[in-house]
Number of protein chains: 2
Amino acid sequence: MSDKTGPMESLLRDAGVRITRQRKIILKILADHDDHPDAQAIFRRAVLTDKTISLSTVYRTMSLLEERGAIQRHSFQGGRARYEHAPGDHHDHLIDVETGQVIEFISERIEALQEEVARRLGYEIVDHRLEIYGRRIRKPGEKQQP
Amino acid sequence: MSDKTGPMESLLRDAGVRITRQRKIILKILADHDDHPDAQAIFRRAVLTDKTISLSTVYRTMSLLEERGAIQRHSFQGGRARYEHAPGDHHDHLIDVETGQVIEFISERIEALQEEVARRLGYEIVDHRLEIYGRRIRKPGEKQQP
DNA sequence: AGCTATTTGCGAATGATTTGCAAAAAGGCG
DNA sequence: CGCCTTTTTGCAAATCATTCGCAAATAGCT
């Protein structure tokens, strides 16, 4: 269903990282899905392919991938960290408080204003995060679950 | 040094909350300081006044105050939650990555743009958080620790 | 195949926060 | 003021997500 894992694997291998059976599985899961799963969710999906994979390995692989810049870890409100695949472009997040679904967005204007605020306060931005927690607006006559 | 705890106490008492010795102490600590301490820090300060107060009580009191809207809890990057006193006005945070110091700010323009983004995506904002992690810019000839 | 440095799975350790429970104390009330 | 009922407290144990130690398994090279 996907072969986007090939390039990523070479990249890791070139960095001296061994491509194990479990890492292959996790990379495939990340490539095939486009959501923002937490470690448990990734683990649950992985177990379907490999009954013996462990949650520790999922965590270790996620740290590894994060260090290599292949994924990004987010700590949204409410407990566990969630991961997103290859965030080439910077973006912020809108989290649906009812479903947990994450929508990515960018606003150059907001980015610029942040720079301005930081500069005014005498700081240079090292990192930042903007999370909007929202509830879907249903217009009259709209379907419940599109 | 302060008597800002009086009104808060009546407010709580009216809500059927008992004003205990330990709650008095914690309220005073919150009123006297203007920083963003975590539970441990509040506990450390409280112990100076009452040798027998417990960390659980600090946590319980913070939850209570948060439910009552008297304080706000923040989960910035890096472990423990930090609390801030009576955030009457909404504002965002700039966290100094070197000192952990928190600077509050507001940008009406950023607020407005967030509304716009959410609306465009079909959402109404329930909550949001904007955190800028920054490093202080030192102009040449400026003192190290002002 | 054989060798060695990496990885894995497991269970135990961590660190922040929460909770169960019996003992202590707050807020009426008479 | 003393009494009574309900709320709180302190303590220790429980949670929850995440990390770690270690011996056994295995990737990648020759």
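Below, read A as the first sequence line, B as the second, and so on, with proteins coming before strands; counting in each chain starts at 1.
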Query - Separation of D/dT18 C1' from A/Phe43 CZ (nearest whole Å) - result: 14 Å
Report task. Take atom CZ of A/Arg82 and atom P of D/dT18, then tell me their distance rounded to the nearest Å. Result -> 12 Å
Query raised in the report: Taking only side-chain nitrogens and oxygens of A/Arg23, does any of them come within less than 4.0 Å of OP1 or OP2 of C/dT7?
Result: yes
Requested in this report: Give the C-alpha distance, both sets of side-chain angles, the deciding distance and a yes or no for side chain to side chain contact (heavy atoms under 4.5 Å, CB included) between A/His93 and A/His36.
Outcome: CA-CA 11 Å; A/His93 301 92; A/His36 295 63; 4.0 Å; yes
Report task. Report whether A/Leu130 and A/Ile103 are members of the same hydrophobic cluster (ILVMFWY, side-chain heavy atoms less than 4.5 Å apart, transitive linking). Result -> yes
Query raised in the report: In chain order, what residues pass the side chain to side chain donor-acceptor pair (under 3.5 Å) check against B/Arg119, with sequence neighbours excluded?
Result: none
Query raised in the report: With sequence neighbours excluded, what pairs up with B/Arg44 under the side chain to side chain donor-acceptor pair (under 3.5 Å) test?
Result: none
Query raised in the report: Which residue pairs pass the side chain to side chain donor-acceptor pair (under 3.5 Å) test when at least one of the two sits in residues 58-67 of chain B, sequence neighbours left out?
Result: B/Glu66-B/Arg73
Query raised in the report: Rounded to whole angstroms, how far apart are CG on A/Asp38 and P on D/dA17?
Result: 9 Å
Query raised in the report: Same cluster or not: are A/Val97 and B/Leu121 linked, directly or through other Ile, Leu, Val, Met, Phe, Trp or Tyr residues, by side-chain heavy atoms under 4.5 angstrom apart?
Result: no
Query raised in the report: Between atom CD in B/Gln40 and atom C1' in C/dT14, what is the gap in whole Å?
Result: 13 Å
Report task. Under the side chain to side chain contact (heavy atoms under 4.5 Å, CB included) rule, collect the residues that match up with A/Leu113, sequence neighbours excluded. Result -> A/Glu116, B/Arg109, B/Ile110, B/Leu113
Query - salt bridge (Lys or Arg N to Asp or Glu O under 4.0 Å) partners for B/Arg13, two or more places apart - result: none
Query raised in the report: Along nucleotides 22-30 of chain D, 5' to 3', which nucleotides get a B, which get an S, and which get a -, given that the test is a protein heavy-atom distance under 4.0 Å?
Result: -----BS--
Query raised in the report: Backbone N or O of A/Ile132 within a donor-acceptor pair of the B/Tyr123 side chain at under 3.5 Å?
Result: no
Query raised in the report: Side-chain contact, heavy-atom cut-off 4.5 Å: B/Arg23 with B/Leu64?
Result: yes
Query raised in the report: Quick one: bend of the helix from C/dA1-D/dT30 to C/dG30-D/dC1 from 5 pairs per end, to 10°?
Result: 30°
Report task. Could you name each residue pair satisfying salt bridge (Lys or Arg N to Asp or Glu O under 4.0 Å) that touches residues 85-106 of chain A, not counting sequence neighbours? Result -> A/Glu98-A/Arg135
Query raised in the report: Among all residues two or more places apart in sequence or in another chain, which pass the ring pair (Phe, Tyr, Trp, His ring centres under 6.0 Å) test with A/His128?
Result: A/His90
Query raised in the report: Does any residue of residues 61-77 of chain A have a heavy atom under 4.0 Å from DNA chain C, and if so, which ones, in number order?
Result: none
Query raised in the report: Got a sec, which residues hit side chain to side chain contact (heavy atoms under 4.5 Å, CB included) with B/Asp50, two or more places apart in sequence or on another chain?
Result: B/Arg21, B/Ile25, B/Thr52, B/Ile53
Report summary line: Ordered by number, residues from residues 49-59 of chain A within less than 4.0 Å of DNA chain C (heavy atoms) are A/Thr52, A/Ile53, A/Ser54, A/Ser56, A/Thr57
